[in-house]
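Report on the following structure.
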Amino acid sequence: MNHQVNSFGIASSAYIHIPFCRRRCFYCDFPVSVVGDRARGETSGTISQYVEVLCEEIAMMAVTGEPLKTIFFGGGTPSLLSIEQLQRILATVEKRFGVAAGAEISMEVDPGTFDLAHISGYCSVGVNRVSLGVQAFQGELLQLAGRSHTVEDILTSVDLIHQVGIAEFSLDLISGLPHQSLEQWQDSLKQAVSLMPTHISIYDLTIEVGTAFGRYYKPGDKPLPTDETTVKMYKMAQQVLTSGSYEHYEISNYALPGHQCQHNRVYWENRPYYAFGMGAASYIEGKRFTRPRKTQEYYQWVKAGAVIDCEVTPPEEVLLETLMLGLRLAEGVSVEMLSQKFGEEKLKEIHQCLQPYLAKGWVEVVGGRLRLSDPQGFLFSNVVLADLFKKLE
């Protein structure tokens with residue numbers, strides 16, 4: 001299988017899905033497998049078998065591109081891997097693709113799932129950026145969300161990360177949790193800043209069908225915060241974090257200067273990338289392909305040759321994806337790029353559609369780039385994008 005065609009761009013990034021968790025959080029609809037509190041690494045046959053099949057998939061990919069510049073281990077809880085398992089996956093990736101000098105190698109880690117030996121070991125085999133899934137700094141909210149860690153676990157984990165000296169360190173927080181007040185949200189933001197991460201991600205809770213929260217709550221109903229409150233939370237995050245020297249560089253992401261997540265920028269700039277593992281979605285040779293979301297179906301797919309069987313994304317969809325993803329960035333998208341890639345007529349259509357939002361101040365054209373304003377444009381991004389999709393499809 002050769003998934004590299006230069007006309008679609010050369011992929012130099014890879015996402016690797018590790019679908020294991022100690023328990024499933026109440027808001028989670030990701031493809032994950034619950035392995036309990038004690039199972040981790042070499043002690044879990046389930047994880048060992050998955051790593052075996054994952055490496056088979058990686059080794060099957062034929063490559064004609066350049067070495068990888070970013071690798072991202074997401075989940076699930078990748079910090080349930082043993083050091084040896086992580087090393088094996090990275091060695092398989094290195095052998096198949098090559099890894100560029102100075103590549104960003106990120107790993108999602110959960111508080112309470114690693115000790116000093118583990119985090120040191122992860123760094124020794126190549127990890128140089130970690131994203132800590134904090135979500136909240138109030139014990140009652142962590143319990144309500146089904147998280148398996150405590151506030152004390154958070155502080156201990158951050159201390160371990162600082163001890164190891166990881167230069168790139170991100171924290172994840174969730175706003176709009178059931179019973180979450182503005183005061184609690186402000187406290188979480190201030191505590192996050194005090195821990196001195198180089199990057200902070202802020203996610204607004206979405207109630208997904210099939211999750212525990214999806215069974216407990218209906219969007220807009222109590223005890224979920226009102227829309228008015230979640231808007232205040234978004235604006236509060238923007239104020240607290242930008243006043244703390246963090247740049248609001250993407251709708252949900254803040255970074256100290258020079259510390260943006262390079263891997264996630266690949267998605268937002270609609271560039272090609274590999275993806276491996278259960279439920280992982282790749283974008284190679286103009287094709288968006290999602291692997292099976294259930295363990296045995298994924299294993300069968302790999303055993304059958306890991307065939308990517310889907311159509312090339314049509315140009316109209318590529319345009320909509322480019323706008324949907326690119327407008328998430330504070331810098332927006334290049335007007336010149338849109339004109340060159342999709343034509344002057346299409347660019348006129350886009351401008352015509354966006355006129356009402358330019359007038360409202362939700363959309364701006366600055367320095368030859370089309371972008372959403374911060375915070376109003378970001379807050380109403382769904383309205384702007386829905387209108388674009390309706391008129392351009």
Side-chain angles (χ1 to χ4, degrees), residues 170 172-176 182 185-186 189 192 199-206 219-220 225-257 259-262 264-271 316-339 341-342 346-393:
S170 181
D172 290 354
L173 294 175
I174 297 181
S175 63
L182 280 168
W185 180 237
Q186 185 176 47
L189 291 167
H199 189 282
I200 298 176
S201 296
I202 305 289
Y203 299 109
D204 186 38
L205 177 69
T206 303
T226 63
D227 287 346
E228 182 184 3
T229 300
T230 57
V231 166
K232 286 180 180 176
M233 286 178 171
Y234 189 86
K235 290 182 175 179
M236 182 183 287
Q238 193 254 11
Q239 290 162 0
V240 172
L241 297 181
T242 54
S243 66
S245 300
Y246 291 88
E247 296 174 339
H248 192 189
Y249 76 100
E250 192 270 347
I251 285 181
S252 302
N253 288 276
Y254 297 78
L256 295 178
H259 295 277
Q260 294 183 14
C261 179
Q262 296 308 305
N264 285 344
R265 285 195 66 97
V266 171
Y267 303 147
W268 300 319
E269 293 172 14
N270 209 21
R271 290 185 269 148
E316 310 81 53
E317 283 188 37
V318 175
L319 169 60
L320 293 172
E321 289 170 353
T322 299
L323 290 168
M324 177 184 72
L325 295 165
L327 287 174
R328 292 187 63 89
L329 287 165
E331 68 213 48
V333 292
S334 162
V335 172
E336 184 182 355
M337 178 276 291
L338 290 173
S339 176
K341 198 167 181 179
F342 303 104
K346 193 58 72 174
L347 184 61
K348 286 179 184 175
E349 279 185 58
I350 294 167
H351 272 291
Q352 190 173 0
C353 175
L354 291 177
Q355 279 309 312
Y357 306 113
L358 285 158
K360 284 176 183 279
W362 295 359
V363 176
E364 306 167 333
V365 180
V366 180
R369 301 187 74 86
L370 189 65
R371 70 185 194 190
L372 295 172
S373 61
D374 182 12
Q376 289 302 108
F378 280 163
L379 277 168
F380 291 100
S381 60
N382 287 343
V383 175
V384 176
L385 290 169
D387 203 14
L388 270 174
F389 273 47
K390 182 180 173 183
K391 291 175 179 172
L392 294 177
E393 272 185 325

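Rounding to the nearest 0.5 angstrom, the gap separating the CD1 atom in I251 from the CD atom in Q238 is 12.5 Å. Annotation: the span from L319 atom CG to L392 atom CG amounts to 6.0 Å, rounded to 0.5 Å. Expressed to the nearest 0.5 Å, how far CZ of R371 lies from CG of L327 amounts to 11.5 Å. One finds the OG1 atom of T230 at 9.5 Å from the CG atom of L182 (value rounded to the nearest 0.5 Å). In this structure, the separation between CG on L347 and OG on S339 is 5.5 Å, given to the nearest 0.5 Å. Of the inter-residue distances, the one linking D227 atom CG with K232 atom NZ reads 12.5 Å to the nearest 0.5 angstrom.
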Quiz: residues 375-390 side-chain donor-acceptor pairs under 3.5 angstrom, not counting sequence neighbours:
from, atom 1, to, atom 2, distance (Å)
Q376, OE1, K235, NZ, 3.2
S381, OG, F378, O, 3.1
D387, OD2, Y357, OH, 2.9
D387, OD2, K391, NZ, 3.4

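A heavy-atom distance below 4.5 Å is found between the side chains of E269 and L329. L358 has its side chain out of reach of E364: every pair of non-hydrogen atoms, C-beta onward, lies at least 4.5 Å apart. Counting only heavy atoms from C-beta outward, the side chains of E247 and Q260 approach each other to under 4.5 Å. No side-chain heavy atom of L354 sits less than 4.5 Å from a side-chain heavy atom of W362. Within the 4.5 Å cutoff, the side chain of W185 has heavy atoms near those of the M236 side chain. Between V363 and S373 the shortest side-chain heavy-atom distance does not fall below 4.5 Å.
Pairs engaging residues 321-334 under the side chain to side chain donor-acceptor pair (under 3.5 Å) rule: E250-R328, S252-R328, R265-E331, N270-T322, R288-E321 [sequence neighbours left out].
Panel note: side chain W268, backbone L325; no donor-acceptor pair is recorded below 3.5 Å.
The salt bridge (Lys or Arg N to Asp or Glu O under 4.0 Å) search around K346 returns E349, not counting sequence neighbours. Partners of H259 according to the ring pair (Phe, Tyr, Trp, His ring centres under 6.0 Å) rule, which considers only residues two or more places apart in sequence or in another chain, do not exist here. Applying the ring pair (Phe, Tyr, Trp, His ring centres under 6.0 Å) rule to Y246 yields no partners; only residues at least two apart in sequence or on another chain are considered. Legend: residues meeting side chain to side chain donor-acceptor pair (under 3.5 Å) with S170, ordered by chain and number and at least two apart, are H199.
Around the CD atom of Q355, the shell of radius 6.0 Å holds more than 12 heavy atoms that belong to other residues, nucleotides or ligands. The number of heavy-atom neighbours closer than 6.0 Å to CD of E336, taken from other residues, nucleotides and ligands shown, is 12 or below.
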side-chain contact (heavy atoms from CB on, under 4.5 Å) between D204 and Y234, worked out: CA-CA 8 Å; D204 186 38; Y234 189 86; over 6 Å; no
Stepwise side-chain contact (heavy atoms from CB on, under 4.5 Å) test for I350 and L370: CA-CA 10 Å; I350 294 167; L370 189 65; 4.0 Å; yes
